[in-house]
Every structure is written in C-alpha cells, then in structure tokens.
Q: 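The structure under discussion is supplied below as structure tokens; questions concerning it will follow.
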Protein chains: 2
Amino acid sequence: MAQDKETLILEVARKHFVQKGYAATRTQDIADEAGINKALLHYYFRSKEKLYHEITVRILDTILPRFAKALATEGTFWERLEVIVTSYVDLFQEQPDIPFFIMSELSQKQARFVEELKKRSHHFPAVQGFVLSMHQEMEAGNIRKLPPAQLMLNIMGMTVFPFIAKPIFCTVFEFSDNDFSTLMEERKDIIMNFLKAALKND
Amino acid sequence: MAQDKETLILEVARKHFVQKGYAATRTQDIADEAGINKALLHYYFRSKEKLYHEITVRILDTILPRFAKALATEGTFWERLEVIVTSYVDLFQEQPDIPFFIMSELSQKQARFVEELKKRSHHFPAVQGFVLSMHQEMEAGNIRKLPPAQLMLNIMGMTVFPFIAKPIFCTVFEFSDNDFSTLMEERKDIIMNFLKAALKND
DNA sequence: GCCATATTTAACCACAAAGTTAAACACTTT
DNA sequence: AAAGTGTTTAACTTTGTGGTTAAATATGGC
C-alpha cells in the first residue's frame, strides 16, 4: 500500500494511464479505486492533464537513468552487451507495462514526448556510444560485419519485443504469467548465446 | 480516394482509430475529415462502437489470412522461414500502423479481442505447425537446439519489433521515413543471415 | 486549545461528445 | 411521374466527464 494519499493516487493513476491511455482513463475511476474523491484529486494535482504529466515524468525519471547506465557500462563489447540485455530484461520484469507505454506515447504525441525525452536524458548519446563500440568491434574483425542500426534492432527486438507481445504470446502458447516470467529469466542467456553464435567471425 | 462515401468513412475512421485508439477518436473528426456529417455516419453505421468493430474485423480479415498463409507454406525449414520473414516485413511495410494496433488491442481488451481472433483465424494451428517444424529440424541435428518458444520470440522480435519501435528508432538514429523503409527492405536478408549464423550447428 | 494541513461532503457548472430526429433535397431507377 | 436510396441540414436530447466551490470535519503538531 501507499504511505499517504498523494502517492496512493499516483500509483492508481499510473496503473490506469499506462494500461488504458490518457483518453480512456476516467478521473472518477482513479478516485474510486484510490478510495478518495475527485475533490482531493483536484487538491493535489489540479487537473487530469497535470496528473498525467506528473506520471510520465516519473516514469521517464526511473527508466531513462537505468537505460543510460546500462548502455554506458565499462568493459569489453560482450560484457557491455550482457549488461544491456540483462538490465533491460530485469527492468521489464519489474515493470512489464513500461515498454508498451513508451511505444504508445511515442507513436501518438511524438513531438511533445520526444521533447520531454530529450530534456531529461543522456540516453541518446549513450546509444551512440554503444553503437560506436559495435562498429569498432566489427572493424577489429572480432565480430561479423553488419550495419550497426540493424544489429541494434536485432538486439532490442529480441530483448524488448517479448514484453510488448506478452498478451498475444501467452495466448498462442498457453503460457501463464509465471511461465512467462521464467521464460524471460532463461531468455537472458538465450539471447546472449544467440548473439554470440550469430556474430562469430569465421 | 474512395468509390463511395461508405468506404471513404471506413478509411478515415480506420486511420483515426488505429492512430489514436477508440477513446481518443471523435466521430465528429471522422465526419469532418471525410467531408460528411454525423447523420450520415449514423445512417451507415449506427454508432461509434459498431463502426469501430467493423474496422477491427476488416483489419483482422486482411491480416490473419496472410499470416496463416505465410506460416503454412510448404518447403524446407529455411524456405518456410524466409517466406515468413519476408511476408511479415512486406505486410508491415504496406500497413505500418497494424502491428502497434494489434498489440494495443490485445493489451487492453484481451478477452474480447482474443475471442474475435480465435473466431476468425486458423492462425494458431499455423503457428503450432511451424513450431513443430522447428522442433524437427533441431532433433534432426540440422540446427542448434533451443526452446522453440524462444526461437519464435527471436524471429518475431527481429521482424516485428522495428515496426513498433519505428518512432523512437527514427528519432534516435535520425532516420527519415524513406531511410526506414529501405532499412526494412535490407532487413529481410539481414535477418535471414543472422538466423542462419545463429542456428548453425557446429 | 489553536493552527495548519489533509480530507470529506455535496453540491454544482460547463462543455464536449454521442446519439437522434424530422424534414428537405438530390439522384437514379423504373 | 413515382419510388427508393443516398445525403444534407439543423436542430435537439442525453450523457459523461472534468473541473470547481464552500463549508464542514478530521488530524496531528505546537
């Protein structure tokens, strides 16, 4: 549970906004589920818009630093890659609704959201840094050559996609939430081995 | 343009619903953009809900058969895999909004949408068929062994994810729509080569 | 006991959006 | 010319929802 009503509201609101999006969320529903009334919502956050903004900001502020940190780790290429993959999987295991929310925000309010993104992240440079390290590894002949953007898509696709596709995947394969969770734990190694095999230079 | 007003409405409505979701879409906006009035909307479709349903049905009816066909192709494992990857990429190149829409529907109205899915598709058996063929190939020692569900996630992740992540990807890598499109064409081969290398049995 | 902050109550307003209707008009077919 | 279908116009009702308010009531620290 929550310490005070204010954070309780934030928690409930977050759940609704992330699951259903802004337009489909009723402030009344948030109030009901938090066991308070609209007047208190107004008291703390003034408006639905402000509440929503507060939530996106908080999400970005928990996610982006972890992304950046993972991308900027010191070490060999393979060490860095492993940190990235495991960090992402761990993060999404904790907060499975995040990836979908981000994608959703981005595909709608692109301009505004990208602004917010740029404002509060050293994320993009971190990506560029890792891309560079991929490139160097290719030039050094340590891994097979392919366009860095494509390799990035392969890595992110294998890592992030399962969490976005979870509902359809669990339906088709008849997996429970627990099954899925253990599959994702296994997956860290699976991805690393897959990448090692795919990138081996012969 | 559209032949008659009815299909024009469907086209405009589809665009709005797919981009913004049900709740954020205004019937008035649809009417305005289609150059007609709400009365005509009502004349043809009775309600927003019915119009929306009509659209999801039409989307599923164009997508699912193509999925099923790709998954059920005859041939060797690698031939089948190539058909799947290229079919998916081609489909999403034509209709880039589809993957996100499907994921979005599924993560919200799971129960109802899955019903609709099951009702109008032989998709699931097709997936099972391909999974079986993966399994046989592993048993025969032709490709490296790994849990079929994991391999499926790798394939789908690399193939589908880029289209979902397009907005963020294009932002980070400063790609235009055209850049992205050519990248996806390249990608068919990239994915196939990546898979071949990753699955090679040594 | 007093004061500040938190919280409830119970209204209420304003507005946007969906849905509805009736009448008229246009166009084509018969 | 009549009939049917498509389409517009212009109103209207209804409902949902966000926002607002003022007063009353707790609650806890000083």
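Every chain is numbered from 1 and lettered A, B, ... according to where its sequence line falls, protein lines coming before strand lines. This one's a predicted model, so the numbers in the text were calculated from it and none came from an experiment.
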Q: Working note: A/Asn154 + A/Gln150, criterion side-chain hydrogen bond (donor to acceptor under 3.5 Å, both in side chains); need CA distance, chi angles, decisive distance, verdict.
A: CA-CA 6 Å; A/Asn154 289 354; A/Gln150 298 279 15; over 6 Å; no
Q: Does one side chain, of A/Ser87 or A/Asp90, offer a donor that lies under 3.5 Å from an acceptor on the other?
A: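 No pair is found: no donor N or O on one side chain lies under 3.5 Å from an acceptor on the other.
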Q: Any chance the rings of B/Tyr88 and B/Phe67 have centres within less than 6.0 Å?
A: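 Ring-ring flag for B/Tyr88/B/Phe67: true, centres closer than 6.0 Å.
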Q: Hey, can you tell me if A/Phe77 and A/Phe130 have their rings parallel, tilted or perpendicular (30° and 60° cut-offs)?
A: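 Taking A/Phe130 first and then A/Phe77, their aromatic rings lie parallel (interplane angle under 30°).
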Q: Assign a letter to each nucleotide of nucleotides 3-18 of chain C from its 5' end: B, base within under 4.0 Å of a protein heavy atom; S, sugar-phosphate only; -, no contact.
A: --SBBBB-------SB
Q: Which heavy atom of B/Ala23 sits nearest a heavy atom of B/Lys48, and at what distance?
A: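 Where B/Ala23 meets B/Lys48 most closely, the heavy atoms are O-NZ, 4.2 Å.
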Q: Under 6.0 Å between ring centres: does that hold for B/Phe161 and B/Phe169?
A: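 No, they do not, as the ring centres are separated by 6.0 Å or more.
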Q: Any non-hydrogen side-chain atom of A/Asn142 less than 4.5 Å from a side-chain atom of A/Trp78?
A: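 No, every pair of side-chain atoms sits at 4.5 Å or beyond.
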Q: Anything under 30° is parallel, anything over 60° is perpendicular, the rest tilted; go ahead and classify B/Tyr52 against B/Tyr22.
A: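 B/Tyr52 vs B/Tyr22 ring planes: perpendicular.
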Q: Stepwise, does the salt bridge (Lys or Arg N to Asp or Glu O under 4.0 Å) test hold for B/Lys15 with B/Glu11?
A: CA-CA 6 Å; B/Lys15 182 183 134 196; B/Glu11 283 171 17; over 6 Å; no
Q: Going 5' to 3' along DNA chain D, between which two nucleotides do contacts with chain B fall, using a heavy-atom cut-off of 4.0 Å?
A: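 In short, chain B contacts DNA chain D from D/dT5 to D/dT9.
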Q: Taking atom types as modelled, is there a side-chain donor on A/Ser181 or A/Asn178 under 3.5 Å from an acceptor on the other?
A: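 No donor-acceptor contact under 3.5 Å links the two side chains.
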Q: Using a 3.5 Å cut-off on both pairing distances, which stems of three or more Watson-Crick or G-U pairs include DNA chain C?
A: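 If one scans DNA chain C for consecutive Watson-Crick or G-U pairs, the stems found are C:1-30 with D:1-30.
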